[in-house]
Amino acid sequence: MATPSDNKVFLIAGGAAAIVVAVALALWFGRGAAPTEPPPASKGGLTVDVAEAPSLESTRELRCFVAGRFVGMATLTQCAERNGLATDALDVGIDETGALAAAPTASLAPPPTEPIEMVEAEPLPDMPPATDAGQPVAAPGETCLRHVGGDWRQVSGSMSLSACIQALYSGTCVRPGDALYGRWGNTTLRLVPGRVERSENNADFRTLVEQDRRCNLGPVN
């Protein structure tokens, strides 16, 4: 027959065991918490630029686009061969599916025709400070235009090249094969993955400004 002192011992031992089990369960379930940060691919945007293309594993396959169409999985070299181009002529980055893809520069967005008529201008930036005579100081430059929705829209009637590029493309990235177009005077501008390019004939483009992964623009060359 158990005495009152024996019952107290059993109660204390049982309470201690219950506490140990509760702590162990809390540690077990706590360590399995799922991360709240989405994987990089689900965020969209570019993660690989053209400059890094040669560092890709030669056997790694990516989504290949030819003439604006997805043609299947291929290595970077195979995709370049299918397009009849060198590997450095392909833009490499994350497409709308979140997968690594390669496509010829601006193959999904060829240059638009040069502007003839413009629709209403975009809101103008703040006016420059006034002179002693009360007249605003005119900023030297050319007309800056943005191509959107099939139309050319005026960003500013007089803007420097650097300011025009910042107004058009600052904080903006595009996916492989895509492009955004603008005009500065008689010069066509286009944003492609990793860089802003310029052309005086609306056909032959060369790099004007480099762009990093965060969509920040470098100095104008």
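Since the structure is predicted, the reported quantities are computational estimates derived from the model, not experimental observations.
You'll find the side chain of T75 stays beyond 4.5 Å of the side chain of R60, heavy atoms only. Residues V155 and C164 form no side-chain contact, since every pair of their non-hydrogen atoms from C-beta on lies 4.5 Å or further apart.
Closest approach of P193 and D91 over heavy atoms only: CD-OD2, 3.2 Å. Closest non-hydrogen pair, T188 versus Y181, comes out as CG2-CD2, 4.1 Å. Counting all heavy atoms, side chain and backbone alike, P104 lies closest to L85 at CB-CD1, 3.8 Å. Nearest approach of T143 to G157, heavy atoms of both residues: OG1-O, 3.4 Å. Across every non-hydrogen atom of G93 and P176, the tightest pair is N-CG, 3.3 Å.
If you chain together hydrophobic residues whose side chains sit under 4.5 Å apart, V66 and V92 never meet in one group. No continuous path of hydrophobic side-chain contacts links L90 to F65 [ILVMFWY only; heavy atoms under 4.5 Å]. Cluster membership for L189 and V174, using ILVMFWY side-chain heavy atoms within less than 4.5 angstrom, is shared.
Between the side chain of Y169 and the main chain of G182, a donor-acceptor pair closer than 3.5 Å is present. In this structure, N202 contributes its side chain and P112 its backbone to a donor-acceptor pair below 3.5 Å. In this structure, the side chain of R153 does not engage the main chain of R146 through any donor-acceptor pair within 3.5 Å. For R175 (side chain) and I94 (main-chain N/O), a donor-acceptor pair under 3.5 Å exists by modelled atom type. Side-chain atoms of W184 never come within 3.5 Å of backbone atoms of G141 as a donor-acceptor pair (strictly under, hydrogens ignored).
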CA sep, side-chain torsions, deciding dist, call: R195, Q211, side chain to side chain contact (heavy atoms under 4.5 Å, CB included): CA-CA 5 Å; R195 63 198 184 278; Q211 185 185 53; 5.6 Å; no
Residue pair L145, Q154: steps toward the side chain to side chain contact (heavy atoms under 4.5 Å, CB included) verdict: CA-CA 4 Å; L145 307 177; Q154 181 175 299; 3.9 Å; yes
M73/R63 under side chain to side chain contact (heavy atoms under 4.5 Å, CB included): CA gap, chis, key distance, verdict: CA-CA 5 Å; M73 304 297 293; R63 288 168 56 84; 3.7 Å; yes
Chi angles and distances behind the side chain to side chain contact (heavy atoms under 4.5 Å, CB included) call for S58, T77: CA-CA 8 Å; S58 59; T77 301; 5.9 Å; no
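If you take OG on S199 and CG on L208, they are separated by 11.5 Å, rounding to the nearest 0.5 Å. Interatomic distance, E61 CD to L76 CG, rounded to the nearest 0.5 Å: 12.0 Å. If you take CG on L191 and CG on L180, they are separated by 5.5 Å, rounding to the nearest 0.5 Å. In this structure, the separation between SG on C64 and CZ on R82 is 5.5 Å, given to the nearest 0.5 Å. With rounding to the nearest 0.5 angstrom, the SG atom of C173 is 11.5 Å from the CG atom of D178. Between N201 atom CG and E114 atom CD the span is 8.5 Å, to the nearest 0.5 Å.
No more than 12 heavy atoms of other residues, nucleotides or ligands sit less than 6.0 Å from atom CG of N186.
In this structure, a donor-acceptor pair under 3.5 Å is absent between the side chains of R190 and T105.
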